[in-house]
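None of the values given here were measured: they were computed from a predicted structure. The chain is numbered in sequence order, starting from 1. Just so you know, ligand 1 is whichever comes first in the structure, and atom 1 is the first atom listed for that ligand.
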Amino acid sequence: MPKKLKVLVASPEVAPLAKTGGLADVAGSLPKALKALGHDVRVVLPLYAMVKQQNPKLKEEISDLQVPIADRKEQAVVLSTMLYDTVPTYLIKHDRYYDREYLYTTPQGDYPDNAERFIFFSRAILEMLKKLDFAPDVIHCNDWQTGLVPTYLKVLYAQDEFFKHTATVFTIHNLGYQGKFWALDMPMTTLPWDVFSINGIEYYGDISFLKAGLMYSDVISTVSRGYSREIQTTEYGLGMEGVLQYRSKDIYGIVNGVDYDEWSPEKDKFIKSTYDINNLEGKKICREDLLGEFQLKVPEDAPVIGMISRLADQKGFDILSEAMPELMKMNLAMVVLGTGEQKYHDLFTNLKKEYSQKLGVVIAFNNKLAHKIEAGSDMFLMPSRYEPCGLNQIYSLKYGTVPIVRATGGLDDTIQDYDPKTGKGNGFKFSEYSSQALLETVKRAVSLFEDKPKWIKLMKNGMSEDHSWKASAKEYVSLYETAIKKRTAA
Ligand code: ADP
């Protein structure tokens, strides 16, 4: 076996402890897969209110962790739990920062002290490692909330023997969240002002924690190959394309894997009836159960289209709402589960009033219902403007729930458009970001749904694919090795 690596995965959210989106799924299931490959992998996240409530029995690891911030030190406590019975997971407890209902954002907007909360988190991670006497070969940082970790290592801890061999990987799960704060937050980081420069963490007069991660990490990755290319263009770079082009040779794309213990119709503990590729009877029961949950009556020949989403601009709700009047004239029903920005809460609440016979809406974060939608729907819609990887379309494949997606980022990489001539493909996709293209594609799907043998063949094309972590976890190990080599050479 190759060298056993010591890895710390640092993430602001980790499923099943705390989750707002796909990052949590990855930060929970990748460590589990790395552990199965024999590596010493551990995880760290903040101790949010929801984690406390659901995990009353946490073990105390460090009772008094002193963390420098601004011109003072703040005290934290480090607790731990065992994720999936195998992965040691540390929780940074600082109630004034993290004992709150939401993780980073309320429906009204971001918490105003997010800079302080994640400066503290990033610094606490490094101080925690020293106290635990765990010097990782790699710290795998995820998204802007951990962007200062590589910066601290390269600037404040550069001469620290403890971290002499520690390399960093920074993974972008979504370039749309850049951790931008005003320059006057600089002193809170305790970093010297020369770091506030174009080659440092300065970003058009502000600070960006995302840019910090991009500039100081040894290697950068993102969650699909398609997205790794897209983000280096003006169209998808969201202002970071210059930085990304500058680091182009260090950017890798590794598509997210799926933990089939959690997300497969054979094992799913939340659904009414399990099923598999050789016996689809259970899927009918799941569909009835789902329609019951949403109190919808839908004829058997009408497909149910599911959506589970953060309600954010990125996810394509502008073209969806334009398409709604036409969609609702078609022989189909829709169920939507989502939470996020207030304007979308209002949009879907109003749509529900208008189309109450055919549209079911739940504005909430509800993991159990998410599983029921995966199993009980016939199709799954993701009309995203951009999508770094997207997990629900990959989950959908295994549940025989045919994805309808816009061809962008990870959606484009994982979904192949159905070809009526050959019967090949695993879903439906469209390129142009427009309500017209969306409608035409849904029409294609609805019309194929009438041809049961062909439809079942298409479902089975998806169900037979393997998107487990098997391949992607190995790619991460090679990426860690690349980062270690770079660190050693520096
Ligand atoms: P993103 O990370 O951009 O939100 P992904 O498709 O990568 O999108 O991952 C979304 C994850 O979050 C999936 O596991 C999905 O089931 C889950 N999810 C999103 N919204 C909700 C919700 N309202 N309730 C339950 N799960 C949700």
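Under 4.0 Å is where a charged nitrogen must lie from a carboxylate oxygen, and between Arg287 and Asp378 at least one such pair does.
Listed by first and then second residue, the side-chain hydrogen bond (donor to acceptor under 3.5 Å, both in side chains) pairs that reach into residues 7-22 are Glu13-Thr20, Glu13-Tyr104, Lys19-Asp25, sequence neighbours excluded.
Around the OH atom of Tyr246, the shell of radius 6.0 Å holds no more than 12 heavy atoms that belong to other residues, nucleotides or ligands.
Take Tyr355 and apply the side-chain hydrogen bond (donor to acceptor under 3.5 Å, both in side chains) test, not counting sequence neighbours, and it matches no residue. By the side-chain hydrogen bond (donor to acceptor under 3.5 Å, both in side chains) test, Ser464 pairs with no residue at all, sequence neighbours left out.
Taking the side chain as every heavy atom from C-beta outward, Gln178 and Phe209 never approach each other to under 4.5 Å.
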Where does ligand 1 get N/O contacts under 3.5 Å from the protein, atom by atom?
residue: ligand 1; atom: 2 (O); partner: Gly22; partner atom: N; Å: 2.6
residue: ligand 1; atom: 3 (O); partner: Arg310; partner atom: NH2; Å: 2.8
residue: ligand 1; atom: 3 (O); partner: Lys315; partner atom: NZ; Å: 2.8
residue: ligand 1; atom: 4 (O); partner: Arg310; partner atom: NE; Å: 2.7
residue: ligand 1; atom: 6 (O); partner: Leu391; partner atom: N; Å: 2.9
residue: ligand 1; atom: 7 (O); partner: Leu391; partner atom: N; Å: 3.4
residue: ligand 1; atom: 8 (O); partner: Lys315; partner atom: NZ; Å: 3.2
residue: ligand 1; atom: 9 (O); partner: Gly22; partner atom: N; Å: 3.1
residue: ligand 1; atom: 14 (O); partner: Lys19; partner atom: NZ; Å: 2.8
residue: ligand 1; atom: 14 (O); partner: Asp25; partner atom: OD2; Å: 2.7
residue: ligand 1; atom: 16 (O); partner: Asn392; partner atom: ND2; Å: 3.2
residue: ligand 1; atom: 23 (N); partner: Ala364; partner atom: O; Å: 2.8
residue: ligand 1; atom: 24 (N); partner: Asn366; partner atom: N; Å: 3.0

